[in-house]
Amino acid sequence: MVNVNSQGHLSIGNCDTLELAKDFGTPLYVYDVSMIRQQLRHFHKAFDKTGVKYAISYASKAFAIRAIDQVIAQENGHLDVVSAGELITAVQAGFPMEHVSFHGNNKSLAELQLALDNHVGTIIVDNFYELELLNKLLPQQKQPVNIMLRIAPGISAHTHRYIQTGQVDSKFGFDVQSGQAEQALKQVLQNPKLNLRGYHAHIGSQIMAVAGFTALVQRMVQLAATWQEKFHYQPQVLNFGGGFGIKYTNADHPLAPQEFVYDMIQTLKKEIAQTNLTMPEVWLEPGRSIVGEAGYSLYTIGARKIIPGIRTYLSVDGGMGDNIRPALYQAEYQAVLAARPEATPTETVTIAGRYCESGDILIKDQPLPESTPGDILAVLATGAYGYSMASNYNRVGRPAVVFVKNGHAKLVVKRESITDLTSLDLNYL
Ligand code: PLP
């Protein structure tokens with residue numbers, strides 16, 4: 001999972017990670033830009049072979065900064081945003097806004113207005129309240145507004161339960177079983193100011209098997225066909241969401257994007273052939289699989305606590321503030337010593353964060369070679385939902401982010417300073 005340079009150090013994008021730590025400080029997020037481009041290209045290639053019209057819409061919640069939006073645009077990706085912040089980041093990145101989809105289960109009136117003002121390509125409508133809000137804004141719109149309906153298709157992918165979103169008991173989307181999806185469809189079709197592009201569903205995250213996705217394809221086509229018969233509406237787009245799994249540790253064996261896409265499109269073609277539907281465009285929304293494995297977290301090792309016969313804790317200068325996933329849903333990672341990633345492990349340690357929570361443990365039972373304070377530890381595959389979920393817990397600033405490529409490192413997000421952190425505080429007395 002790692003590249004090693006001639007000095008035996010961990011290398012990312014041909015940059016020596018010890019140099020990166022020295023130049024930019026730690027904790028540091030490092031992204032291998034070529035890997036990000038490569039992942040997108042895998043998706044494009046897989047679709048190009050199918051002859052089906054498609055869009056790869058990067059779910060920017062996985063990692064939403066200006067620089068990544070710019071890379072995605074260059075690679076002909078589309079973009080999903082879920083907030084005013086992500087939307088304006090896309091605007092500042094110069095992202096073509098007609099290729100942006102706006103998601104979220106509780107978009108505010110102001111956010112919807114912002115989306116319309118910035119000519120967001122598609123609003124993915126999640127619920128009846130959102131339709132009400134949109135209705136308030138439609139009279140000022142000269143052109144019909146492009147929307148899709150997010151439906152909860154009642155399919156649950158095999159994954160960790162806290163990050164499932166496709167099952168019936170979900171806060172997202174119009175429920176099919178109880179007839180809410182059909183009711184929403186009727187409402188939308190009667191509204192000449194809404195241009196319904198099609199249906200959206202997302203069944204979960206870190207999905208390792210294709211079965212959930214092919215089941216989703218079948219379900220969506222069946223629904224689209226039923227609704228076509230009832231309402232004479234042919235969707236232009238079916239959006240099957242994201243959730244493609246990645247390799248966090250050696251225990252993970254994800255499928256390549258090509259394998260997911262191939263099976264989904266085969267299923268789609270077969271299912272469509274049994275209906276009166278014409279082939280829709282297919283949109284996917286990968287987040288984690290675009291940026292996850294391309295990202296690394298560099299930390300400096302500090303205190304060591306040995307509890308004889310029980311456990312050795314190695315504390316690092318980051319933790320749950322820059323990567324909440326282990327504490328939030330027991331996500332597992334693996335790490336290497338940046339100076340000797342291939343050295344034989346001599347001990348098993350628990351990597352503890354620096355935050356004041358017992359649960360701030362980044363990795364339990366990580367085999368490592370001997371280390372001393374000041375050594376650099378690299379946690380692998382932290383590119384998704386790490387920086388984007390970062391917090392200022394304990395009033396610690398968020399790390400800097402660098403993009404590396406061909407031996408060059410470029411700072412793309414500055415480290416948050418204590419001045420930044422305290423800049424919004426006002427006196428009370
Ligand atoms: N699309 C939607 C609607 C989502 O909710 C998510 C994640 O929560 C994604 C796409 C991206 O999922 P992933 O990063 O697992 O590919």
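Reckoned from all heavy atoms, side chains included, excluding hydrogens, waters and symmetry mates. Being a predicted model, the structure only gives us computed values, none of them experimental. Counting convention: from 1, in listed order, for ligands and their atoms alike.
- In this structure, His202 has its ring center at least 6.0 angstrom away from the ring center of His103.
- Counting heavy atoms under 4.0 Å from ligand 1, residue Ala59 touches it through the side chain alone.
- Under the 6.0 Å cut-off for aromatic ring centres, Phe43 and Tyr54 do not qualify, their centroids lying 6.0 Å or more apart.
- For the pair Arg37 and Val71, the minimum side-chain heavy-atom distance is below 4.5 Å.
- Per-residue contacts place Pro286 under 4.0 angstrom from the following atoms of ligand 1 (heavy atoms of the residue considered): 16 (O).
- Short contacts between ligand 1 and Ser205, defined as distances under 4.0 Å to a heavy atom of the residue, involve ligand atoms 12 (O), 15 (O).
- Asn195 and Asn146 form a side-chain donor-acceptor contact under 3.5 Å, judged by distance and modelled atom types alone.
- Taking the six-membered ring where the residue is Trp, Phe128 and Phe174 present perpendicular rings, their angle passing 60° and hence far from 30°.
- Proximity of Glu182 to Lys230: side-chain heavy atoms (C-beta onward) are separated by under 4.5 Å at one or more points.
- For ligand 1, the polar-atom distance check against His103 finds no nitrogen or oxygen pair separated by under 3.5 Å.
- Between Gly287 and ligand 1, an N or O atom pair is found at a separation short of 3.5 Å.
- Proximity of Glu285 to ligand 1, defined as any heavy-atom pair under 4.0 Å, is shared by backbone and side chain alike.
- Neither the backbone nor the side chain of Phe172 has any atom closer than 4.0 Å to an atom of ligand 1 (non-hydrogen atoms only).
- Every atom of ligand 1 is numbered from 1 in the order shown, and the set under 4.0 Å from a heavy atom of His200 is 3 (C).
- Annotation: Arg288 places an N or O atom under 3.5 Å from an N or O atom of ligand 1; distance criterion only.
- Heavy-atom distances between Ala384 and ligand 1 stay at or above 4.0 Å for every pair.
- When each of Asn323, Thr26, Thr382, Asp322 is paired with Ser297, the side chain to side chain donor-acceptor pair (under 3.5 Å) condition holds for Thr382 and for no other.
- The aromatic rings of Phe63 and Tyr31 lie parallel to each other, with less than 30° between the two planes, well short of the 60° mark.
- Near Tyr385, meaning under 4.0 Å from one of its heavy atoms, ligand 1 places the atoms 7 (C), 11 (C), 12 (O), 13 (P), 14 (O).
- For atom 13 (P) of ligand 1, the nearest non-hydrogen atom from the set Gly104, Gly243, Ala62, Gly173 belongs to Gly243.
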